[in-house]
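For reference, the structure is listed below as structure tokens.
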There are 2 protein chains.
Amino acid sequence: MNHSSDGNNEKSAIIIGAGLVGSLWAIYLNKAGYKVNVYERRPDMRQANMSAGKSINLATSYRGWKALDAVGVGDEIRKIAIPMYGRTLHHLDGEQKYQPYGNDGQAIYSVSRGAINAQLMTIATTNSSAQIHFNEECTNVELGNGTAIFKNSLTGIITEAKADVVFATDGAFSAARYHGFQKLDRFSYSQNYIPDGYREILLPANEDGSYKLNSETLHIWPRGRFMLIALPNFDGSFTCTLFMPFDGDKYCFNNLTSREKVTDFFQEVFPDFYAMMPNVADKWEQHPLSSLAIIRCFPWTSGKFALMGDAAHATVPFFGQGMNAGFEDCTVMWQLMQKHHEDWSAVFKEYETIRKPNGDAVQDLSLQNYIVMRDRVADPGFLLLQKIERRINLLYPQSYFPLYSMVSFTDITYETALNKGNEQEKMIQQLIAEHQIAEHTSEEMIDGIIHDFMSRNI
Amino acid sequence: MNHSSDGNNEKSAIIIGAGLVGSLWAIYLNKAGYKVNVYERRPDMRQANMSAGKSINLATSYRGWKALDAVGVGDEIRKIAIPMYGRTLHHLDGEQKYQPYGNDGQAIYSVSRGAINAQLMTIATTNSSAQIHFNEECTNVELGNGTAIFKNSLTGIITEAKADVVFATDGAFSAARYHGFQKLDRFSYSQNYIPDGYREILLPANEDGSYKLNSETLHIWPRGRFMLIALPNFDGSFTCTLFMPFDGDKYCFNNLTSREKVTDFFQEVFPDFYAMMPNVADKWEQHPLSSLAIIRCFPWTSGKFALMGDAAHATVPFFGQGMNAGFEDCTVMWQLMQKHHEDWSAVFKEYETIRKPNGDAVQDLSLQNYIVMRDRVADPGFLLLQKIERRINLLYPQSYFPLYSMVSFTDITYETALNKGNEQEKMIQQLIAEHQIAEHTSEEMIDGIIHDFMSRNI
């Protein structure tokens, strides 16, 4: 079989991978008048009723919505998104504490990975003329001439597809990157697994369909070196995920080798969760133990190929920015298409130059936020810092954003957010020390310190 | 075709890659009674009169000789090795300075990569019963059951080979690692190119066959951000290598785009070399511009497979330890074979555990020594430090070794050498500052300071 753009003047594009970024990018390219063929290794998840691989619930935030709204699909996705306005921390003694993510109704939105992916596929193939070919595994690529070879896993038929431009959105273990980029001279590449893995647990709804926990927040059981989190689903359930080292001291996955050990573990370290789900050990094997990697590479483009999303910058999930960063790749690529009038060589050059530092930064932010979530959120010093930051942000909403807000509620580049966020934290720590600010310090006094500080620093 | 160990009780091993480490390891395994089949992607270099890939001259030092001597092949290799007792530095003004590498006849030995490889292949297949199959490209592996698939590049015939144990010694871009290890969950991997490349230049012998430079030293033209080096060959020529950034400011490969620019460059920055070889620009294209990478990965073993040499820990060539580190892998693997009575699962586990930190360390040492060679060797402060270190080593030969000596003239682990070397440098710097030692300080006074220092510190 041969899909090719030869013989007519229509602009053509191939997208490898019909995941989140590939499906959205198909909509963008169709809008620009490209004949888009998307090749997806898996069966059609909408028919097979399967998840798109590993399924940590996703949190859509500002960058994600921006990219979705730019092609008019945001509202469709909003229908399947649940706002989370802050974190609810579950301490060992049963105490719960709430920390807002931002000010005034700012939220991140829990979405099921499968649901958003299915919706984007449907929009791509109905509202636009993109075609998705399922069960097509990429077995080779020729970067220079825009060719990709696919093998159909059902029929065994080999397809050689060729287009003006090819986008690899085939995820952390991108076949296009493996078969093509990794054979380039001077291609830098690293895949580094963190010592921690994760396992999902579904906390079901109550019998009447209601939620067992407040559905308007993200729940965290921070325990220092490990943590449990829970994100709401539409049906009243929560998708919970335990993040913990594979090996090591007392609390690690390799020690949880029997139903009894799992039960004891939950009773001991998550007693309030255990009370809601005393059969947790029965459900333990329903989801696999999975690993977590940071994958960095460069260049991201070569010849007629570009890597986007996880294929370029797969990260660990702790800032909820993996999908958002991939969607922002679409925003950036789209802006550069306009700027360079679809001169793809110029688009690709600038895309990888401006986007690579942000790929690195979102990875650094993700690693950093693991420590925030599992440990620092339970530290009174950190809570005080966050409180002051939110207050500065409220008093000076145009000139000061806490790190979490910069990442989740603006499109300030990840690189700037990372650098500025770390600088700001140092400044606030100094302010706290200098003025001996404590939990009980009056709002009036804090406001005075903030006004004085901001007049000197902004 | 099917090469297998099934059906008899002979112990069998496959080695993928008949390079330096593969050929030497074949001799070891044969000695232990293994039926050894070596599969090599290239034609037989001894017939084809070709080099084994990129051909920086190699420097054999203590670890290399130790591994060669343990199976009785050191003396054969010594016949083709030229001792280099120190460095000769060529400064811009034409001044030459000599720095001994060690004390009393300690030397590293220049060998041609092709010559040592050919010799080891011949010994492996004549003195031992190992068989080398040429033109066999590894196209797939099954780590768990010791299977490797090869495709003959001349006949197209596919061979499935299977053995009790398989060693991948197929270099920096190991096919076994690519097809096997890289698909393992939680396999950490990185390939990072340094910003510098290299190009070789052959400085021919004089017409009477004599050397144009002293043949008993390694020559360096240190120029800060780049350098030229020269190692002697048996025929009176020198293999010279220019190391320099690809891109960047004035002095980079991408600026040397014409014969005129090459000529001007050598006249300006290597005038004494240019005087010996005014036709350098004519020879410029005879060798390709090549890149330099550090490749790290882990684990090094899985199932019946182990990575050795560059396949496990490819490094940049600046400490002359790439081959020596690979040969030392043989020494370590051999010791563990004895210790664990060829229980390969135990051998592999301990091999990767004790050897990985040394693979990392030899890479760090190599990067560090690039800065020493291209820059610090020309710094009077560094020369003074080296002079004092050599003197301590001479007075306390059992208890103090300079870093270069630990790496090149002992088998102290690379990890220990790296840590201890950096500690020692700090101590000597302190000693110099504290006692205001300078170039003109008398030997008597220095000896006094050393004796006092050593009595307090060792």
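Because the structure is a prediction, the values reported are computed rather than measured. Proteins come first, then strands; the chains are lettered A, B, ... in the order of their sequence lines, and each starts at number 1.
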Answer with yes or no whether the side chains of A:Asn152 and A:Asn135 bring together a donor and an acceptor at under 3.5 Å. no
With heavy-atom distances below 4.5 Å as the criterion, would you say the side chains of B:Asp247 and B:Phe253 are in contact? no
Does anything in residues 168-181 of chain A get under 4.5 Å of chain B by heavy atoms, and if so which residues? A:Tyr178, A:His179
Can you tell me which of A:Ser188, A:Ala293, A:Cys297 forms the most heavy-atom pairs within a distance under 4.5 Å of chain B? A:Ser188
Sequence-distant partners of B:Asp360, salt bridge (Lys or Arg N to Asp or Glu O under 4.0 Å), two or more places apart: B:Arg296, B:Lys356
Could I get the full list of salt bridge (Lys or Arg N to Asp or Glu O under 4.0 Å) partners for B:Arg225, not counting sequence neighbours? B:Asp196
Say whether A:Tyr198 and A:Glu200, considering side chains only, have a donor N or O and an acceptor N or O under 3.5 Å apart. no
Could you tell me whether A:Phe318 and A:Phe243 have their ring centroids closer than 6.0 angstrom? yes
How about residues 298-312 of chain A versus chain B: which residues have heavy atoms under 4.5 Å apart? none
Has A:Arg355 got its NZ or CZ under 6.0 Å from the middle of the six-membered ring of A:Tyr414, at an angle within 45 degrees of the ring axis? no
Chain A contact via B:Ile194 - which portion, at a heavy-atom distance below 4.5 Å: backbone
Could you check whether A:Phe226 and A:Phe265 have their ring centres less than 6.0 Å apart? yes
Quick one: do B:His340 and B:Glu350 satisfy side chain to side chain donor-acceptor pair (under 3.5 Å)? Show the steps, please. CA-CA 10 Å; B:His340 296 292; B:Glu350 188 166 350; 2.6 Å; yes
Is the charged tip of B:Arg41 near the ring of B:Tyr39: under 6.0 Å from the six-membered ring centre and within 45° of its axis? no
